[in-house]
Amino acid sequence: MSMLEAAKRQLEDAYPFAEIDEESWLKLQYPQKTLQVAIPMRHDDGSLKMYMAYRSQYNDTMGPCKGGIRFHPKVDRDHVEALGFWMTFKCACVKVPFGGSKGGVCVDANSLSHRELERLSKAYIDAFVDFIGPDTDIPAPDVATDERVMGWMYSEYRKIKGGHPKAVITGLPVALGGIEGRSSATGYGGYYCLENVIAHRDELNLKVTGPIDVAVQGFGKVGYWFCEKLAKDKRYRVIAVSNEYSGVYMDTSGPAFDPDLAMKCLQESNWRDWGQGLPISNDDLLSIECDVLVPAAIENVITKDNANTVRARVVLELANGPTTNDGDAILNERGVVVVPDILANAGGVIVSYFEWLQNRNAQQKTVEEVDKGLKEMVTYATERTIARKNKYKIPSLRTSAYALALKRIGMANECLGTFHYFKR
Ligand code: NAD
């Protein structure tokens with residue numbers, strides 16, 4: 001089954017709870033547009049290589065499409081279409097007035113030199129310059145792309161289009177129109193979402209008492225900032241972190257987890273010389289005893305093969321699509337509260353929306369204003385998702401989040417004109 005087909009199964013579960021008309025439902029079954037380009041790129045040694053690049057605009061009913069650009073060897077058409085699908089429902093779930101899209105290049109970014117990476121980033125914009133735009137489709141960073149890459153991409157876009165169209169890309173460097181607080185937004189948004197879930201623990205039949213132990217897979221842009229926020233709140237303990245190569249299981253009687261020290265030790269020795277905790281494998285981290293398990297790296301890490309071994313009471317999906325449908329069914333059956341990606345990791349797109357507004361209006365927000373707005377929007381979306389789950393007796397938060405998003409997209413689509421709308 002393709003990644004998009006698997007993603008669409010999640011939507012089907014939500015259909016009975018969404019009160020959406022047939023035409024709106026039909027339109028949501030297909031990506032609206034996908035552009036595939038073979039990009040020739042000259043390497044530092046003079047050789048020319050071809051890279052497959054994509055941009056998919058899944059649905060723009062709610063507004064201009066919004067989604068990151070990923071540089072990863074697994075990127076293909078199906079991959080970006082599925083990720084664009086998730087963006088569509090994520091934006092609708094948290095009430096950000098954007099549609100959903102995603103882009104990417106099939107490349108191992110680590111294999112490129114600094115100059116090659118710059119060339120590829122600019123070549124991506126050359127290829128997609130008329131496909132994106134501040135009112136049509138707004139890219140942002142994703143796996144293996146960052147504000148530096150966004151700066152290069154913006155520079156190329158501006159060179160071609162002229163003027164200062166800063167709202168074409170979000171996640172820009174702050175000096176170039178980026179917003180304070182964007183880098184931490186997804187991690188902090190995950191924390192605010194978790195806070196709200198814990199606050200509704202009785203309704204969700206969630207048993208967490210005492211210090212809340214958290215294990216985090218992936219210590220990149222999302223994982224680091226999530227841990228940094230938890231480390232400031234004494235009610236939580238980060239007890240394990242990992243990446244694709246290794247991990248550390250903290251000794252809870254020792255010093256508290258220090259995210260900056262963890263990042264330094266990761267960069268210096270891949271945690272080998274940290275001197276705290278015990279080594280743990282990336283796979284074993286998923287089954288350690290904890291309150292909250294946070295997949296914050298890649299897709300499909302919790303599957304039918306390991307979902308039975310998960311010993312957390314909550315799975316907070318900060319990565320996109322970390323749980324397969326089979327894995328999700330097992331977790332639900334076992335009473336694990338799964339906080340779905342389209343809600344849990346929406347902090348990034350919320351603050352991207354603030355950045356887009358900032359650059360359209362030539363106004364600036366302070367980091368305090370950004371954080372306040374982020375917290376309000378995540379809290380509202382989490383509360384609405386939980387309330388809908390309770391009201392309609394929906395079996396999972398995932399289905400409830402999709403039902404909320406579907407209903408909103410359906411209402412907007414009806415206003416654009418459907419058979420049902422005119423008949424009324
Ligand atoms: P990143 O590239 O900064 O970090 C990814 C981290 O995961 C790194 O620590 C890497 O070593 C680790 N990793 C890679 N493969 C792994 C594996 N097989 N097992 C364990 N760890 C692995 O990327 P990021 O921006 O932190 O994104 C992480 C996830 O969050 C992705 O699924 C992304 O789509 C999603 N996401 C990111 C944002 C954002 O604002 N950056 C927003 C929403 C969702």
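Read the numbers this way: they start at 1 and go in the same order the structure lists the ligands and their atoms. Only a predicted model underlies this, so the values are computations on that prediction, with no experimental measurement involved.
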Quiz item: Where on E299 is there a heavy atom closer than 4.0 Å to ligand 1, on the side chain, on the backbone, on both, or on neither?
Solution: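 No part of E299 is near ligand 1 at this cut-off.
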Quiz item: Do I386 and L397 come close enough that some side-chain heavy atom pair is under 4.5 Å?
Solution: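 A side-chain contact under 4.5 Å exists here.
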Quiz item: Applying a 4.0 Å heavy-atom criterion (strictly less than), which segment of A144 is in contact with ligand 1: side chain, backbone, both, or neither?
Solution: backbone
Quiz item: Between R360 and D135, is the closest basic N to carboxylate O distance under 4.0 Å?
Solution: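 Here D135 pairs with R360 in a salt bridge, since their nearest N and O are under 4.0 Å apart.
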Quiz prompt | Option among V216, V310, I288 that satisfies the side chain to side chain contact (heavy atoms under 4.5 Å, CB included) test with L293 | solution = V310
Practice problem: Around atom 43 (C) of ligand 1, find the nearest protein heavy atom and jot down its residue, atom name and distance. | Solution: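 Ranked first by proximity to atom 43 (C) of ligand 1 is N345 O, 3.5 Å.
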Self-check item: For K74, all residues meeting salt bridge (charged side-chain N to carboxylate O under 4.0 Å, His left out), sequence neighbours excluded
Solution: none
Exercise. Please state which part of D142 comes within less than 4.0 Å of ligand 1, counting heavy atoms only: side chain, backbone, both or neither.
Key: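 For D142, the contact with ligand 1 is made by the side chain alone.
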Exercise. Measure the distance from atom 7 (O) of ligand 1 to every protein heavy atom, then report the residue, atom name and distance (to 0.1 Å) of the closest one.
Key: A297 CB, 3.4 Å
Quiz prompt | A296 touching ligand 1 at heavy-atom level, < 4.0 angstrom | solution =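 For ligand 1, residue contact (heavy atoms, under 4.0 Å) with A296 is present.
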Practice problem: Could you tell me whether the side chain of N325 reaches within less than 4.5 Å of the side chain of Q10, counting heavy atoms only? | Solution: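 Heavy-atom side-chain distance check passes, below 4.5 Å.
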Self-check item: Positive for side chain to side chain contact (heavy atoms under 4.5 Å, CB included) with R182, one of L172, V351, V174
Solution: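 Exactly one option meets the side chain to side chain contact (heavy atoms under 4.5 Å, CB included) with R182, and it is V351.
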Quiz item: If we only count N/O pairs under 3.5 Å, is S242 in contact with ligand 1?
Solution: no
Exercise. Specify the closest pair of heavy atoms between D341 and P322, including all atoms of both residues, with the distance to one decimal.
Key: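 Scanning both residues completely, I find the closest heavy atoms to be OD2-CD, 4.2 Å.
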Quiz item: Polar-atom distance check: A319 versus ligand 1, any N or O pair below 3.5 Å?
Solution: no
Quiz item: Hey, is T186 touching ligand 1 through its side chain, its backbone, both or neither, going by heavy atoms under 4.0 Å?
Solution: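 Contact part for T186 vs ligand 1: side chain (C-beta onward).
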Quiz prompt | Residue selection (non-hydrogen contact nearest atom 3 (O) of ligand 1) among M87, R182, K221 | solution =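 Considering heavy atoms of M87, R182, K221, the nearest to atom 3 (O) of ligand 1 sits in K221.
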Quiz item: What do you reckon, does R70 put a non-hydrogen atom under 4.0 Å from ligand 1?
Solution: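 R70: in contact with ligand 1 (<4.0 Å).
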